[in-house]
Amino acid sequence: MNILITAGGTTEKIDQVRAITNHSTGRLGKQIADAFSNNPEAIIDYVTTKNSVLPEPSDAIHLHMIESTHDLLTILETLLQAKTYDAIIHSMAVSDFTPSLSLSKEHFIESFGTNKVTETSFDNWLTQTKQADSNSVKKISSDTDQLVIVLEKTPKIISYLRDWQPTACIVGFKLLVDVSKEHLLKIAQQSLVKNQTDFILANDLTEISQEHHHGYLLAADGTIAEAFTKKEIADLIVANVQKNRGDD
């Protein structure tokens, strides 16, 4: 039984010493990996980051360390094209944006000049500045009161999974902040349909702590299960994946 789990949070470099990241600890992914490793038939590829909590050591768990969204896309493409997985649990908090260009306020003013900012002029300026500038590969001086960072969207990793693994049981995750149950479930259902997953774990950041983790597991058949701790969520996912595969 081949399982792929992603966990933790990506980090996007601003320069060689600074980065943008998120607060994901990887604790839920660890709990899911530990639950799957109780199955003697499970072989787990675990994709995570250096700052994340790791699963209990096991011969069944193979770690793959990444940093950025680009790293994640590269390793997943490699793994998913090399092996057939029974289940993919994509719990990693993936950055929606990555720095495209970063420069001091003074450098920004100097490079943009007095041109009127329009969509076209900005795109042209960005292209030209990226080609001429090397700030993205060295430390930006701290001798400035403001730092200008241009962010660009990253690929939606979950949207690739079904094409790469047509037969896998795929579990996605949707995290929102301080919304109603109805809104959370609506957005999660939309994600489930759009990304062709078998399940989506919907949760709200305001209902997550180290001990408590309230979530809803939505299935493609319309059923919804509820859990209140990371262990309950992990056990719920394992049970539903096994049921989806026809295991006892």
Side-chain angles (χ1 to χ4, degrees), residues 2-11 21-38 42 44-56 58 61-69 71-73 75-76 79-80 85-96 154-162 164-165 168-177 184 187-188 191-192 195-205 207-210 212-220 225-242 244:
N2 292 324
I3 308 295
L4 174 65
I5 299 173
T6 70
T10 59
T11 297
T21 187
N22 58 63
H23 299 298
S24 177
T25 62
R27 288 192 179 93
L28 180 55
K30 169 199 175 332
Q31 196 79 57
I32 295 169
D34 291 341
F36 270 113
S37 65
N38 291 327
I44 301 167
D45 282 308
Y46 192 82
V47 181
T48 189
T49 60
K50 64 181 181 180
N51 295 322
S52 299
V53 177
L54 299 179
E56 297 299 323
S58 169
I61 300 177
H62 307 289
L63 297 179
H64 304 271
M65 308 303 290
I66 62 98
E67 182 174 317
S68 67
T69 303
D71 295 339
L72 177 62
L73 184 62
I75 189 64
L76 288 186
L79 291 171
L80 294 175
Y85 289 91
D86 297 287
I88 301 169
I89 318 299
H90 184 41
S91 68
M92 181 173 279
V94 182
S95 176
D96 291 321
T154 56
K156 283 292 184 184
I157 303 294
I158 194 170
S159 68
Y160 294 87
L161 300 181
R162 181 56 69 197
W164 286 339
Q165 292 277 315
C169 177
I170 300 176
V171 182
F173 287 68
K174 176 57 66 175
L175 176 70
L176 298 180
V177 181
L184 176 63
I187 298 301
S191 177
L192 186 151
N195 296 299
Q196 302 178 66
T197 63
D198 297 280
F199 300 95
I200 287 284
L201 192 285
N203 44 184
D204 188 312
L205 186 61
E207 297 187 317
I208 299 174
S209 65
Q210 189 165 346
H212 180 79
H213 195 140
H214 184 203
Y216 302 93
L217 187 66
L218 286 70
E226 191 172 8
F228 296 90
T229 66
K230 289 177 175 58
K231 185 178 187 306
E232 287 182 7
I233 290 173
D235 291 342
L236 190 61
I237 288 173
V238 171
N240 277 274
V241 166
Q242 292 176 338
N244 182 273

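- Judged by distance alone, the side chains of S37 and D34 never bring a donor and an acceptor atom under 3.5 Å apart.
- Checked by atom type and distance alone, the side chain of T6 pairs as donor or acceptor with a backbone atom of M92 at under 3.5 Å.
- Using a 4.5 Å heavy-atom cutoff, the side chains of L76 and L4 are in contact.
- Of the candidates L217, L175, L218, L217 is the only one forming a side chain to side chain contact (heavy atoms under 4.5 Å, CB included) with L201.
- Annotation for S52 and G8: closest pair OG-CA, 3.2 Å, computed over non-hydrogen atoms.
- One N or O on the side chain of D86 and one on the backbone of N2 form a donor-acceptor pair closer than 3.5 Å.
- Formation of a donor-acceptor pair under 3.5 Å by the S68 side chain with backbone atoms of T11 is not found in this model.
- One distance of note links CZ of F173 with CD1 of I158; it measures 9.5 Å at 0.5 Å rounding.
- In this structure, the side chains of W164 and I88 stay at 4.5 Å or more apart for every pair of heavy atoms.
- The one candidate from L176, I200, L192 that meets the side chain to side chain contact (heavy atoms under 4.5 Å, CB included) condition with I187 is L176.
- Contact check for T48 versus L54: side-chain heavy atoms found under the 4.5 Å cut-off.
- H213 NE2 to I233 CD1: the interatomic distance, rounded to the nearest 0.5 Å, is 4.0 Å.
- Between F228 and H214, the angle of the ring planes stays under 30°, which puts this pair in the parallel group of the 30/60° scheme.
- Annotation: the span from K174 atom NZ to L184 atom CG amounts to 9.5 Å, rounded to 0.5 Å.
- Using a 4.5 Å cut-off on side-chain heavy atoms (C-beta onward), D198 and R162 make contact.
- You'll find the side chain of Q210 stays beyond 4.5 Å of the side chain of K230, heavy atoms only.
- The CD1 atom of I157 lies 11.5 Å from the CG atom of N195; values are rounded to the nearest 0.5 Å.
- The closest donor-acceptor contact from the side chain of T10 to the backbone of T69 lies at 3.5 Å or more, if one exists at all.
- Taking each heavy atom of N203 and G215 in turn, the nearest pair found is CB-CA, 4.3 Å.
- For H212, the NE2 atom is densely surrounded, since the number of other residues' heavy atoms within 6.0 Å is greater than 12.
- A donor-acceptor contact shorter than 3.5 Å links the side chain of N22 to the backbone of A93.
- When all heavy atoms of P155 and L73 are compared, the closest pair comes out as CG-CD2, 4.1 Å.
- Listed here is the closest heavy atom pair of C169 and N244: CB-OD1, 3.5 Å.
- The shortest side-chain heavy-atom distance between Q31 and D235 does not fall under the 4.5 Å cut-off.
- Expressed to the nearest 0.5 Å, how far CD1 of I5 lies from OH of Y85 amounts to 11.0 Å.
- Side-chain contact between V47 and L79 is present, with at least one heavy-atom pair separated by less than 4.5 Å.
- Residues G29 and S91 approach most closely at CA-OG, 3.8 Å, considering heavy atoms.
- Of all the heavy atoms in A42 and F36, the pair that sits closest is CB-O, 3.4 Å.
- Within the model, atoms CD1 of I237 and CD of E232 stand 12.0 Å from one another, a figure rounded to the nearest 0.5 Å.
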